[in-house]
Enquirer: 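Take a look at the following structure, please.
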Amino acid sequence: MDAFLNAAPQGVAIFGATGSIGQSTLAVLRLHPARYRVHALIAHRRLEVLWPDLLAFRPAVVGVACPQAAAALRIRLQQEWVGSGCPQVLDQPDEIAALAADPAVSIVVAAIVGTAGLASTWAAVCAGKRVLLANKESLVAAGALMMQAAQASGAVLLPVDSEHNAIFQCLPVGVPPVDAVEKLLLTASGGPFRTRPLAAFADITVADACRHPNWSMGRKISVDSASMMNKGLEVIEAAWLFGVPPARIEVVVHPQSIIHSMVQFADGSVLAQMGRPDMRTPIAHALAWPDRVASGVAPLDLCALTGLHFERPDPSRFPCLQLAYDGLALGGAAPLIINAANEVAVAAFLSEQLPFLGIAAVIRATLDRALAGTAFAAAESIAEVLEQDQRARALAEAVMAQLFGARVASSLDYHSFG
Ligand code: NDP
Ligand code: MG
């Protein structure tokens, strides 16, 4: 700890700075100014969220992916920035992704939503950075390539997703887990529809799906949690991160979200990581690992808990979970196709073009159609992943139009809907 206090602060780049994870990360960084310096903040276009953080953290660079928003930010900086150190504004996708490889950056927080985060996560992994991975979609779409690149570059991939962070904390450091680990037990809250009568699923609204009982999150992952596609994506994420085969990854519904996941070992021991459902805890863990730093989260009051409940997920209620296991079993590009179809379907649901039940139907039909063709072999480069992602999206859009007459949302900006 003392060594850190004498060292220069570590440069941090936050991709998705205006989102739920980005904002929680900044809340933790605010507590440790001597340890971390924000070098770059990256967002899509929500300047009203970005602006106060520019004033508070004074980063050297800002990436704004939407060119109109970037132009508006440049004007505002010219008119209102006081003092030296006015941030440089980048808006070109290549320049923004390259910030993840900047020598001034030691820690990259990958918290863009969806495969929009793939290029920057890839740049960070190839540059050998400490990567705080929230953007599970990039690992689902390109898991094999990401893990190979991390091994080659020496990048340290630290999971921020609460379940994977919990598993990481439960695994013995430096020991390859596969032999000692019998099962990874991923907990799931069950989301807002765990007890909703199945007959009432046809009436699910966007507001219903975004109202998560325990976690406050962005809109896309909230819908993913309601459908349990989020847990499906997490099963795939866990398989890549920990090298454990899918048959040894089990999902357990735990509505209180106090145990964030568990590892079951060969001797019958089960280790769990517990804490309040607040993403500042896994973020602080991943920032400081192997140290520990304050996160701002209040301690867990065990005596105030009314009980910890566990149950098996109901496959008729959550078909997306099985879809993810099917995708893993199929291998190759199947997880990428599932992820792309899910992004298209969730965007259509959020813009009220597709019913909630249509999400699983669109993913299943897209996967079936993609596999009936021959054009989806396992990708051998990130360029190929991005090209396959585009083709899978186009296929999902066609499926959606055919099955539901649903128009495609004009953009995948999840904040612009509803
Ligand atoms: P949000 O929707 O809250 O935030 C998304 C962020 O991504 C925003 O900063 C948004 O910018 C930015 N963004 C979107 N598209 C682009 C783009 N093309 N270029 C640059 N920035 C872009 O999402 P969350 O924070 O909830 O989730 C982020 C990721 O973390 C997801 O992959 C999610 O699955 C994962 N995750 C989230 C958890 C949570 O508790 N929220 C828990 C575990 C994982 P803007 O605001 O300007 O639109
Ligand atoms: Mg999670």
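Every heavy atom of this structure was used, including side-chain atoms; hydrogens, water molecules and symmetry mates were not. Values in this document were obtained by computation on a predicted structure and should not be read as measured data. Note that ligands are numbered from 1 as they come in the structure, with each ligand's atoms numbered from 1 the same way.
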Enquirer: With atoms numbered from 1 as shown, which atoms in ligand 1 lie under 4.0 angstrom from a non-hydrogen atom of Arg45?
Expert: 45 (P), 47 (O)
Enquirer: With nothing but distance in play, are any N or O atoms of Asp161 less than 3.5 Å from an N or O of ligand 1?
Expert: no
Enquirer: Can you list the ligand 1 atoms lying under 4.0 Å from a non-hydrogen atom of Asn135?
Expert: 32 (O)
Enquirer: If you measure only the distance, is there a donor-acceptor pair under 3.5 Å linking the side chains of Glu137 and Asn135?
Expert: yes
Enquirer: Around the Mg ion (ligand 2), how many protein N, O or S atoms are found at less than 2.8 Å?
Expert: 3
Enquirer: Whether Arg317 engages the ring of Phe201 as a cation-pi pair (distance to the six-membered ring centre under 6.0 angstrom, angle to the ring normal within 45°) should be assessed.
Expert: no
Enquirer: For Thr205 and Asp208, does a side-chain donor sit closer than 3.5 Å to a side-chain acceptor?
Expert: yes
Enquirer: As a check for students: among Thr18, Leu41, Thr25, identify the option with a heavy atom nearest to atom 46 (O) of ligand 1.
Expert: Thr18
Enquirer: Just by distance, with hydrogens left out, do Ser261 and His164 show a side-chain donor and acceptor under 3.5 Å apart?
Expert: no
Enquirer: How long is the straight-line distance from CG of Asn165 back to CH2 of Trp289, given to the nearest 0.5 Å?
Expert: 11.5 Å
Enquirer: I need the atoms of ligand 1 closer than 4.0 Å to a non-hydrogen atom of Ala116, numbered in the order shown.
Expert: 18 (N)
Enquirer: Can Lys136 and Asn230 be counted as having a side-chain donor-acceptor contact under 3.5 angstrom?
Expert: yes
Enquirer: Tell me whether the count of non-hydrogen atoms from other residues, nucleotides or ligands lying under 6.0 Å of CD in Gln151 goes above 12.
Expert: no
Enquirer: Out of Asp278, Leu233, Ile21, who gets a non-hydrogen atom closest to atom 27 (O) of ligand 1?
Expert: Ile21
Enquirer: Ignoring hydrogens and angles, state whether a donor on the side chain of Thr25 or Arg280 is under 3.5 Å from an acceptor on the partner side chain.
Expert: no
Enquirer: Any nitrogen or oxygen of His44, side chain or backbone, less than 3.5 Å from one on ligand 1?
Expert: yes
Enquirer: Counting heavy atoms only, name the option from Gly218, Gly19, Ala43 that's nearest to atom 4 (O) of ligand 1.
Expert: Gly19
Enquirer: Would you kindly specify which portion of Arg46 sits under 4.0 Å from ligand 1, judged on non-hydrogen atoms: side chain, backbone, both or neither?
Expert: both
Enquirer: Please identify which atoms of ligand 1 are closer than 4.0 Å to at least one heavy atom of Ala134.
Expert: 30 (O), 32 (O), 35 (C), 36 (N), 44 (C)
Enquirer: In terms of side-chain heavy atoms, does Gln256 have a donor or acceptor partner in Asn214 at a distance below 3.5 Å?
Expert: no
Enquirer: Just wondering, more than 12 heavy atoms not from Gln78 lying within 6.0 Å of its CD?
Expert: no
Enquirer: Please indicate whether any nitrogen or oxygen in Glu137 is less than 3.5 Å from any nitrogen or oxygen in ligand 1.
Expert: yes
Enquirer: Should the ring pair Phe310 and His254 be called parallel, tilted or perpendicular, given that the plane angle runs from 0 to 90° and is split at 30 and 60?
Expert: parallel
Enquirer: Taking the six-membered ring where the residue is Trp, are the ring centres of Phe193 and Phe318 under 6.0 Å apart?
Expert: no
Enquirer: Which of the atoms in ligand 1, numbered in the order shown and given with their element, are less than 4.0 Å from a heavy-atom of Ala17?
Expert: 9 (O)
Enquirer: Evaluating non-hydrogen atoms only, which member of Val113, Ile283, Leu133 is closest to atom 5 (C) of ligand 1?
Expert: Val113
